[in-house]
Amino acid sequence: RYESHKDMFERAKVIKKFFREYLSANPLNKEKREKYGFISHSRIMTILNSNGVDDQDEIIDVKKFQNCEVRPFTNF
């Protein structure tokens with residue numbers, strides 16, 4: 001692997017911050033049931049949906065994705 005899980009988790013924090021800021025500036029219309037889609041490589045999706053990385057660089061609470069799986073993401 002090119003990046004450690006710890007490195008990826010740090011990058012995921014930046015992505016989550018972007019999500020928060022973007023959603024704050026561009027709120028969804030709940031009456032129209034609008035949603036945003038996020039498409040990425042499975043490793044970053046796994047890290048984004050985890051609870052961090054332990055001291056051995058293992059992902060905490062791994063939630064792996066299937067190919068082309070659609071799943072709600074609210075953990076930002």
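Quick caveat, the model's predicted, so the values are computed rather than measured.
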Which donor-acceptor pairs under 3.5 Å do side chains of residues 28-39 form with protein atoms, sequence neighbours excluded?
unit_1, atom_1, unit_2, atom_2, d
Asn29, OD1, Glu31, N, 2.9
Asn29, OD1, Lys32, N, 3.1
Glu34, OE1, Asn29, N, 2.7
Tyr36, OH, Asn26, O, 2.7

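Checked by atom type and distance alone, the side chain of His5 never pairs as donor or acceptor with a backbone atom of Val53 at under 3.5 Å. In this structure, Asn49 contributes its side chain and Val62 its backbone to no donor-acceptor pair below 3.5 Å. Of the possible polar contacts, none joining the Ser24 side chain to the Arg20 backbone as a donor-acceptor pair under 3.5 Å is found.
The side chain to side chain donor-acceptor pair (under 3.5 Å) contacts involving residues 7-16 comprise Glu3-Arg11, Ser4-Asp7, Glu10-Lys13, where partners must be two or more places apart or lie in separate chains.
Separation of atoms CG (Asn67) and OG (Ser42) is listed at 8.5 Å; rounding is to 0.5 Å. Note that the CZ atom of Phe9 and the CG atom of Asp54 stand 11.5 Å from one another [nearest 0.5 Å]. Atom-to-atom distance recorded for Ile59:CD1 and Thr46:OG1 is 6.0 Å, nearest 0.5 angstrom.
Taking every heavy atom of both residues into account, Gln66 and Glu69 meet most closely at N-OE1, 2.8 Å. Met8 and Ile44 make their closest contact through CE-N, 3.6 Å (heavy atoms, listed as atom of the first residue, atom of the second, distance). Taking all atoms of both residues into account, the shortest heavy-atom contact from Ile60 to Ser50 is O-CB, 3.3 Å.
Every residue meeting the side-chain hydrogen bond (donor to acceptor under 3.5 Å, both in side chains) condition with Lys17, not counting sequence neighbours, appears here in chain and number order: Glu21. Checked against side-chain contact (heavy atoms from CB on, under 4.5 Å), Asp61 has the following partners two or more places apart in sequence or in another chain: Asn51, Lys63.
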